[in-house]
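Chain identifiers are assigned alphabetically (A, B, ...) following the order of the sequence lines, protein sequences preceding nucleic acid strands; residue numbering begins at 1 within each chain.
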Amino acid sequence: MRIPCPICGNRDSREFDYMGHALTLDRPAPDAGLGAWDDYLHNRENPAGPTRDLWFHGLGCGAWLVVSRDTVTHEVFGAELARDVTGGRA
Amino acid sequence: MRLASGGQIDRTQTIGFSFDGRQYEGFAGDTLASALVANRVRVVGRSFKYHRPRGVFTAGSEEPNALVTLGRAAAQDPNQRATMVELFEGLEARSQNRWPSLDFDLLALNDLAAPFLGAGFYYKTFMWPAAFWERLYEPFIRRAAGLGALSGKNNDAYHEKAFAHCDLLVIGAGPAGLMAALVAGRAGLDVILADEDSRPGGRLNAETIEVAGQPGADWAEDMVEALRAMDNVRIMTRTTVTGAYDGGTYGALERPAPDWAGHSDAPCACFWRIHAQRAILAAGALERPVAFRNNDRPGVMMAGALRAYVNRWAVSPGKAVTVFGNNDDAHRTVADLLAAGIHVAALIDSRPEATTDLPVRRYAGAQVTDAHGRGGLEAISIATMSGIDKIRTDCLAISGGWNPTLHLTCHTGRRPAWSPDLAAFVPCDGAVPGMITAGACAGDFSTHACLAAGVAAGKAVAKDLGKRARKTDLPRAEDAPYRIRPLWAVPGKGRAWLDFQNDVTVKDVKLAATENFTSVEHMKRYTTQGMAPDQGKNSNVNALAVLADATGRGIPETGTTTFRPPYVPVPIAAMGAGAQGKGFAPQRFTTSHAASVEMGAPMVEAGLWYRPGYFPRPGEKTWRQSCDREVGMVRQAVGVCDVSTLGKIDVQGPSAGAFLDMLYCNMFSTLKVGRTRYGLMLREDGHVMDDGTTARLGEDHFVMTTTTAAAGQVMKHMEFVHQALRPDLDVSFISVTEQWAQFAVAGPRSRELLNGLLDTPVDDDSFPFMGCGPVSVMGVQGRLFRISFSGEHAYEIAVPARFGDSLFRTLVARAEGMGGGAYGMEALNVLRIEKGFITHSEIHGRTTAFDIGMARMISAKKDCIGKAMAARPGLVSPGREQLVGLMPTGAVKQLTAGAHLFCLGEEAVRENDQGYITSVGFSPTLGHFLGLGFLKDGRARHGEEIRMVDHVRGVETTCKVVDPVVLDPEGGRARG
C-alpha cells in the first residue's frame with residue numbers, strides 16, 4: 001500500500017503508523033457529557049467501502065494525515081494534512 | 001544424453017558437479033536438471049508420501065519432482081528445483097526424502113501400503129488411542145512424508161534486500177514482454193523488465209519458432225541488446241516477480257548468477273520491492289499434464305519441457321520417445337524431435353480427428369492408459385479403437401494443453417474466468433489495479449499474437465502515462481491456431497497422479513467428493529492438492545476438472561482456489577535480509593557506553609538502548625553486592641548515572657505553555673523561568689500515559705523529558721495533539737534526546753562534586769530544589785537541573801553529546817575520589833522504590849492518576865487530554881486498586897514482582913484477588929525487601945497485614961501494607 005503524503009510524496013505504508021478513523025479529530029468539548037466522550041473514544045463504524053482514517057508519517061516528515069481509501073478494494077484516493085482538516089473546521 | 005550439436009550451451013566450457021556424491025560433467029549454460037538428463041540420471045528424487053522414484057518433469061520453476069538439497073552444514077539449502085539451478089563448478093546436490101539411498105529407499109514400502117494412505121488417511125487411521133498421536137503417529141508421519149530439511153543450525157549466508165521504482169514493470173521477457181518493454185522504452189518510460197530465467201526470451205529459447213526470419217532465440221538476443229542500449233530500460237534476469245500488492249507494489253526474488261557461487265561477499269538471493277506505476281504481466285503459460293495410471297514414472301515429462309531440453313540444452317531424455325497429447329503441441333514436439341534426430345516411437349493424439357504429415361507411427365483418438373517400468377519408464381499401454389497396444393519407450397512427453405500464468409492477477413483477491421475455447425482459466429480485466437496482461441498469460445498462444453499483444457500493451461501504458469509511443473513494426477511470426485480437446489484424466493484402474501509434489505491422485509479427489517468435500521476449497525484441504533511448494537502449478541486445473549466431473553458440475557461452477565503470493569518459494573532469509581542477529585533491531589548507545597563497558601558493567605536492553613546494570617568492583621561476587629554498594633554510595637556520598645536515554649523534547653513558541661497545559665494534566669504555563677516541574681500525562685481515555693520533568697529555560701522555551709520506554713510514543717502523541725487537535729497553538733518542538741548527554745549526580749556530596757567542575761559554583765540560592773538553568777562546565781555550555789529520582793540532594797547535568805564521554809569519565813573519577821562512583825539500573829531501581837517513585841511498572845497502561853494517588857494533580861483550571869474520561873465513575877470509584885508500599889513480615893523475607901495479594905486466611909484464588917506487586921528491590925538502607933504494588937482501596941489499608949502469593953515462582957509470604965514513600969517522606973534530603 002502506498003500513501004500520498006502531501007509533504008513527502010507517494011510513500012510505502014510501512015513508513016506510517018495507523019490510528020483508526022478520522023472521527024478522532026472531532027474532540028468533544030470538555031463538558032459534552034460521558035455519552036459524547038464514550039462515542040468519541042470507543043464507537044466506530046466498520047465500513048466495507050470508502051473510509052477516512054488517520055496515519056502518522058513517523059518514519060518520514062512526522063505529519064498526521066487523513067487518508068481517504070476503500071477498505072474493500074484497498075484503493076487510496078488521497079491524503080491531506082490533519083492540520084488542514086482541523087484548522088479548516090475551526 | 002547429450003545431442004551431437006545444437007543448443008544454447010557453451011561446449012567449450014566443461015563444468016564438474018556432483019549429485020548424491022557421484023561426479024558428473026555438464027556445460028556452461030546447463031541447469032542442474034539438463035546436466036542430469038545429459039548424464040542419463042533418470043531418478044532424481046522420491047515422492048512426498050509414497051516414496052516413488054521420480055524424474056525431471058518440467059524445465060521451469062514449476063518443477064514438482066526434481067527437488068534437491070544444495071550446500072552443506074549450516075548453509076544446507078533444501079528443496080531447490082534442479083530446473084532453476086544453473087550449473088557451476090563444484091556444485092554439490094543431494095536428493096531428498098529417501099533413506100538410506102535414492103536407489104534403495106526403505107520407505108518405498110509406503111507405496112505398497114497405498115490403499116491405506118489415501119486422502120485424509122491420518123484423520124481416519126490414527127484416531128486411537130489419543131495419546132499415540134503426539135508420541136508415535138505424528139513423528140512417524142513427519143519422518144515418512146516430506147521434503148528436504150534445513151540444517152537446524154544458524155545460517156549466516158548473506159542475503160540482500162533492495163527497492164526499485166519505475167514507470168512500468170514488465171513481468172516476463174518472452175515475445176510479449178520484450179515487445180512491450182521496447183515500445184514503452186522507446187516512448188521514454190522508465191522500464192524494468194524482469195524475467196525469472198537466466199536468459200530472456202521465454203519460450204523462444206525452447207522452440208524452433210522463427211521471428212522476423214531469424215531463429216526465435218537469436219531474435220530475442222537482438223531485442224535484449226536493443227533494450228540494454230536504452231538508459232531508461234533495466235533488464236533483471238533471474239528475477240521472479242513473486243507477488244502483486246496494493247498500490248503498485250511488487251515483490252521479486254533475484255537469484256545470483258552462477259559465477260557468484262562460492263563468493264561469500266555475494267548475496268545468495270536478493271528480495272526486491274518494486275514500486276511501479278503500471279505493470280504488464282507477460283508471464284506466459286504453463287503446460288499441464290494428463291492423468292493416467294502410473295503417469296509419475298521417471299521418463300514421463302511435459303512435452304514443452306522436452307522441447308526445451310532438446311532445443312535449448314541439446315539433451316534427450318530418451319532414445320525412443322513417445323508423445324501423448326490432446327492438442328497440436330504434441331505434433332510440434334514430434335517435429336522437433338525428428339529434426340534433432342531423435343527416434344520417435346509413436347504419437348498418441350486423443351483427438352479422433354487428428355492427422356499429421358509427420359513420418360511417425362500415429363494413434364488418433366487413442367489414450368495412454370498405463371506406464372510401465374518401476375525405476376524408469378520402459379513401456380506404455382495405449383487404448384485404441386481396436387484394443388490395448390503396448391509400446392516400448394523410455395521417454396513419454398505429455399501435453400494436456402496450456403494454462404495461462406495468471407497467478408499474479410489473483411494476488412489482490414480477484415479470481416480468473418473460465419474460457420471454454422481454451423479449456424483454461426484466463427485473467428479478469430483490471431484484476432490488479434495498474435496491471436494489464438499480454439500474451440500467453442492472457443490466452444494469446446501464437447507467437448504472432450504474443451508479439452502483437454506486447455506492442456499493444458506497451459502503447460496503452462505509454463498513452464496512459466502521457467507519452468507517445470513511436471510506430472513499431474510487428475516482426476513476422478507463426479500464428480497457428482490453438483486446437484485442443486480437453487482431456488484431464490484417462491479413465492481406468494490404478495493410481496493416476498494429479499499433484500506430483502504432494503502425491504495426490506485422481507482417486508483422492510474422487511474420494512473427497514464422495515465424502516462430501518465438494519467445494520474446491522475443501523477438496524484442496526482434504527487431499528492437500530496444490531499445497532506443496534509448487535502450489536499446484538502443475539495440478540490445480542486438472543484436479544478441479546476431476547472434481548467437477550465427480551460432482552456432476554461444470555468447471556466454472558466448481559470454481560478455482562485462488563493464488564496467493566509468493567509465486568515461487570521465497571527464503572525467509574531473503575525477505576528478512578539484514579535482520580539476523582544484531583540486525584534484528586537498531587542498537588542505541590549512550591555516550592558513556594564505552595566507559596561503562598570498560599568498567600565491566602553488563603549492559604542491559606532498555607527499548608533499543610543499552611544501559612549498565614551495575615558496575616562490579618573487585619571482590620564483588622554477585623550483582624546484589626554491587627547494587628547494595630551503589631545504593632549506599634548515593635545515600636552516603638555521591639553517585640553518577642547516565643540518564644541520557646530519557647526522551648528529551650525541546651518545546652518552543654509563544655503558545656508553548658498553553659500546549660504543555662493541554663498535554664499534561666497539571667499546569668505548566670504558570671511555571672517560572674528557571675524552574676522545573678514534575679508532569680503527569682494522561683491518555684484521552686483517562687489512564688496515565690507517561691510522566692517526567694519539564695524545565696522552563698525561557699519565557700517561550702521548555703525542555704520536557706519522557707521515560708526511556710515511551711519517548712517515541714509521547715513524541716507521536718504530541719504531534720497528534722498539536723497537528724490534529726490544536727493547530728491554532730503557535731508552538732514547535734523536536735526531539736533532542738541524542739543531542740544532549742545527561743548524567744544524574746546524586747547524593748549528599750553531589751553539589752561538592754559539581755562545584756569542582758562548574759566554572760561558577762552553585763548554591764541553594766542559585767540552584768534551589770527544582771531549579772534549572774544554563775551552566776558552564778569546564779568551558780562547555782551545558783544545562784543543570786536540580787531534580788532527584790533517588791530522593792537525595794541531586795542534579796542532572798547536560799552537555800552536548802560530543803562532550804558526554806569525557807564528562808562521564810571525569811564525574812566518575814571525581815566521585816570515586818569522594819567515596820562514590822558510577823551506579824547502574826539496579827541501584828537506580830532500588831533508590832526509586834525506597835522513595836515510592838513510579839516507572840512504567842506502575843503506569844503500565846491500566847492505572848489512573850487516582851490509582852497512583854495523583855488525582856489532585858489534574859488541574860481544575862484548564863482542559864487537558866484525558867481530563868473528561870479520567871472523571872468517569874468507574875475510574876475513581878471505591879474498590880479500585882491503589883498504589884501502596886509493601887514490606888515482608890513473614891518467615892520468607894522475599895517479595896517478587898508479579899505476585900498477587902490476598903487477605904490473610906483467604907484462599908489464593910482469582911476470586912479473592914486483592915491486588916498485585918509491580919516492583920521489588922532489596923533496600924540496603926533498611927535491610928529488607930521493599931515492594932510497590934496495587935491493592936484494592938490500598939490507601940486506607942496502611943498498616944494491614946496481607947498475604948503475598950507468587951504462583952509462578954512458588955513464593956509465599958506475609959507483608960505489611962505501608963505508604964509508598966518509605967524513605968524520607970518529608971523530602972528533606974532532596975531539598976537540603
Side-chain angles (χ1 to χ4, degrees), chain A residues 1-4 7 9-14 16-20 22-38 40-42 54-67 69-77 80-90, chain B residues 163 165 244-251 273-277 411-414 430-434 586 662 683-687 712-713 715-729 732-735 858-875:
Chain A
M1 183 172 152
R2 309 275 285 166
I3 293 176
I7 293 171
N10 216 10
R11 310 295 299 182
D12 193 284
S13 64
R14 289 176 305 164
F16 298 81
D17 286 351
Y18 174 73
M19 201 182 75
L23 273 177
T24 308
L25 297 177
D26 304 326
R27 188 171 185 266
D31 56 357
L34 281 181
W37 275 98
D38 181 31
Y40 171 67
L41 269 181
H42 303 126
L54 289 163
W55 294 77
F56 177 57
H57 199 187
L59 295 179
C61 59
W64 276 94
L65 309 179
V66 177
V67 176
R69 62 188 187 96
D70 191 304
T71 60
V72 176
T73 63
H74 297 187
E75 186 178 358
V76 176
F77 306 114
E80 45 191 331
L81 296 174
R83 175 193 300 276
D84 294 344
V85 177
T86 306
R89 200 171 38 209
Chain B
F163 300 81
H165 301 259
Y245 304 90
D246 291 323
T249 303
Y250 297 84
R273 287 177 178 85
I274 302 172
H275 297 295
Q277 290 203 58
H411 283 185
T412 55
R414 290 286 293 277
V432 175
M662 187 70 190
R683 297 196 309 241
E684 195 70 279
D685 66 5
H687 293 89
Q713 182 201 350
M715 192 68 192
K716 179 174 148 185
H717 175 65
M718 287 171 71
E719 294 286 8
F720 183 78
V721 173
H722 181 225
Q723 295 176 33
L725 301 180
R726 295 298 304 272
D728 56 306
L729 295 178
S732 300
F733 47 87
I734 192 165
S735 166
I858 304 176
S859 168
K861 296 181 190 141
K862 62 172 183 75
D863 185 20
C864 75
I865 299 296
K867 185 177 179 182
M869 290 312 257
R872 273 188 282 179
L875 293 194

Pair B/T412-A/H74, side-chain contact (heavy atoms from CB on, under 4.5 Å): steps then yes or no: CA-CA 9 Å; B/T412 55; A/H74 297 187; over 6 Å; no
When rounded to the nearest 0.5 Å, the distance separating CE of B/M869 from OH of A/Y40 is 10.5 Å
So for A/A32, is it side chain, backbone, both, or neither that comes closer than 4.5 Å to the heavy atoms of chain B? neither
Looking only at heavy atoms, what is the nearest atom pair of B/G247 and A/R2, with distance? O-CG, 3.1 Å
Using non-hydrogen atoms and a 4.5 Å limit, figure out which bit of B/I865 sits close to chain A: side chain, backbone, both or neither. both
I'd like to know which of A/L81, A/V76, A/D12 tops the heavy-atom pair count under 4.5 Å against chain B. A/D12
What part of A/R69 is in contact with chain B, defined as an atom under 4.5 angstrom from a non-hydrogen atom: side chain, backbone, both or neither? neither
Are any of the side-chain heavy atoms of A/D17 and B/K716 separated by less than 4.5 Å? yes
Which region of B/D728, side chain (C-beta onward) or backbone (N, CA, C, O), has a non-hydrogen atom less than 4.5 Å from a non-hydrogen atom of chain A, or is it both or neither? neither
Taking A/T86 for its side chain and B/A724 for its backbone only, find out whether a donor-acceptor pair lies under 3.5 Å. yes
B/Q723 versus A/G62, closest heavy-atom pair with distance: NE2-O, 2.9 Å
Please classify the contact between B/R273 and chain A as side chain, backbone, both or neither, with a heavy-atom cut-off of under 4.5 Å. side chain
Any side-chain heavy atom of A/W64 within less than 4.5 Å of one from B/H722? no
Flag side-chain contact, heavy atom, 4.5 Å: B/R872 against A/W37: no
Heavy-atom closest pair (B/L725 atom, A/T24 atom, distance to 0.1 Å) is CD2-O, 3.8 Å
Do B/F720 and A/L54 have side chains that get closer than 4.5 Å, going by heavy atoms? yes
With a 4.5 Å heavy-atom cut-off, do A/R27 and B/E684 have their side chains touching? yes
